[in-house]
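Reading through the structure tokens given below for one structure.
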Number of protein chains: 2
Amino acid sequence: MQHCCPPDGREVDRAGEAVLFKALSDPHRLAIVAMLSAAADEICVCNFTSELPLNQPTVSHHLRILREAALVTCERRGTWVYYRLSSDAGARIASAVSSILSEAIAA
Amino acid sequence: MQHCCPPDGREVDRAGEAVLFKALSDPHRLAIVAMLSAAADEICVCNFTSELPLNQPTVSHHLRILREAALVTCERRGTWVYYRLSSDAGARIASAVSSILSEAIAA
DNA sequence: CGCTAATATCGACCTATGTCGATGCAGCAT
DNA sequence: ATGCTGCATCGACATAGGTCGATATTAGCG
């Protein structure tokens, strides 16, 4: 039986990158990240709750996913909790993309 | 009632970017994209089927999702179907990332 | 100490998704 | 035509994920 093209076996685990992209695969989480990036500063949870068409538990849920993906960090100050983009968020995303596309995107 | 930080309302639809990231949120699909990118050429479906720990229908399912995200294109040649990365795949991913992070990543 | 406010967690619900076996379909060969 | 091969689609299943109401937790206040 003939073949179509020469195979080349590599067994790489893309789970890490997948978790990153999965964290970015929801429109509301993207909105959160975009707000944080645009603000270039920390944002209080109550701001997300008031600006997103979601109830407070749902906002908290999305923030947790972003937290567990290490894309954001939070800090409690008094009654409020403030979130900010992780300092290496952009670098980790760019690294994941270039790891998949095997091309250097970040400078 | 006092407030924590000044709000700024924007109602942007991140659904398009979310679809892109969702297509990239599975390890096996990442493996497919990585194989295609590394090959820098078209790859026959039978190659994915033989190199991934998935059955043929599952491979077909993942290829369809990548197709619908316009990340790959396919072309039937005889009995075999060959997939390749869309020419603008990298650009669209980079554009989605920078759209969210409001920073220029691509050169 | 109670009371209120801001977040997080829990439980339930429904939908989406990854996976596979079975089947369908297109293309080649005999 | 018959059969075979590569791939897509379908149906079913189990699990994951988004959403919300209810409840818990933490912090400030009187």
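Labels below follow one simple rule: chain letters A, B, ... track the order of the sequence lines, proteins then strands, and each chain is numbered from 1. Heavy-atom basis, side chains included; hydrogens, waters and symmetry copies ignored.
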Among C:dA5, D:dC20, C:dT7, the nucleotide that comes nearest once only the side chain of A:Asn55 is considered:
D:dC20
If we count only N and O atoms by modelled type, under 3.5 Å, do the side chains of A:Ser102 and B:Ser37 hold a donor and an acceptor together?
yes
Without decimals, in angstroms, what is the distance between A:Leu63 CG and C:dA6 C1'?
13 Å
Once you round it to whole Å, what is the distance between P of C:dT17 and CG of B:Leu24?
14 Å
A:Ser60 side chain N/O closer than 4.0 Å to the phosphate oxygens (OP1, OP2) of C:dA8?
yes
Taking only the side-chain nitrogens and oxygens of B:His62, find out if one of them lies under 4.0 Å from OP1 or OP2 of C:dT17.
no
Sorted by position of nearest nucleotide on DNA chain D, 5' first, the leading residue of A:His28 and B:Tyr83 is B:Tyr83
Consider only side-chain N and O atoms of B:Ser86 and B:Thr73, and report whether a donor and an acceptor are under 3.5 Å apart.
no
Check every strand shown and say whether B:Phe48 touches a base, only sugar-phosphate, or nothing at a heavy-atom separation below 4.0 Å.
nothing
Can you check whether A:His61 has a side-chain N or O nearer than 4.0 Å to OP1 or OP2 of D:dC20?
no
Does B:Arg64 make a side-chain N or O approach to OP1 or OP2 of D:dT9 shorter than 4.0 Å?
yes
Counting just side-chain N and O atoms, does B:Lys22 come under 4.0 Å of either OP1 or OP2 of C:dA16?
no
Comparing A:Asp26 and A:Pro57 on DNA chain D - which has the more 5′ nearest nucleotide
A:Asp26
B:Leu52 has an atom CG; how far is it from atom C1' of C:dG18, in whole Å?
14 Å
A:Lys22 with A:Glu17: basic N within carboxylate O range, under 4.0 Å:
no
Measure from the side-chain heavy atoms of A:Ile65 and tell me the nearest of D:dG18, C:dT7, C:dA22.
D:dG18
Please state how far atom CZ in B:Arg76 lies from atom C1' in D:dA8, giving the value in whole angstrom units.
9 Å
Once you round it to whole Å, what is the distance between P of C:dT17 and CZ of B:Phe21?
17 Å
Would you mind reporting whether B:Val45 and B:Trp80 have side-chain heavy atoms less than 4.5 Å apart?
no
Hey, is the side chain of A:Arg77 poking within less than 4.0 Å of OP1 or OP2 on D:dA27, counting only N and O atoms?
no
Among D:dC7, C:dC28, C:dA8, which is the nearest nucleotide to the side chain of A:Val45?
C:dA8
Of all the nucleotides listed (C:dC20, D:dC7, D:dG18), which has the minimum atom distance to the side chain of A:Arg29?
D:dG18
Pairing donors with acceptors under 3.5 angstrom, does anything connect the side chains of A:Tyr82 and A:Arg76?
no
Round to a whole Å and report the spacing from CG of B:Leu54 to P of C:dT17.
17 Å
Please evaluate the base of C:dA6 for a donor-acceptor partner in the side chain of A:Gln56 within a cut-off of under 3.5 Å?
no
A:Arg84 and side-chain contact (heavy atoms from CB on, under 4.5 Å): which single residue from A:Asp41, A:Ile43, A:Val72 fits?
A:Asp41
Taking only side-chain N and O atoms of B:Thr58, does any of them lie within less than 4.0 angstrom of OP1 or OP2 on C:dC20?
yes
Rounded to the nearest Å, what distance is computed from the CG atom of residue A:Asn47 to the P atom of nucleotide C:dA6?
12 Å
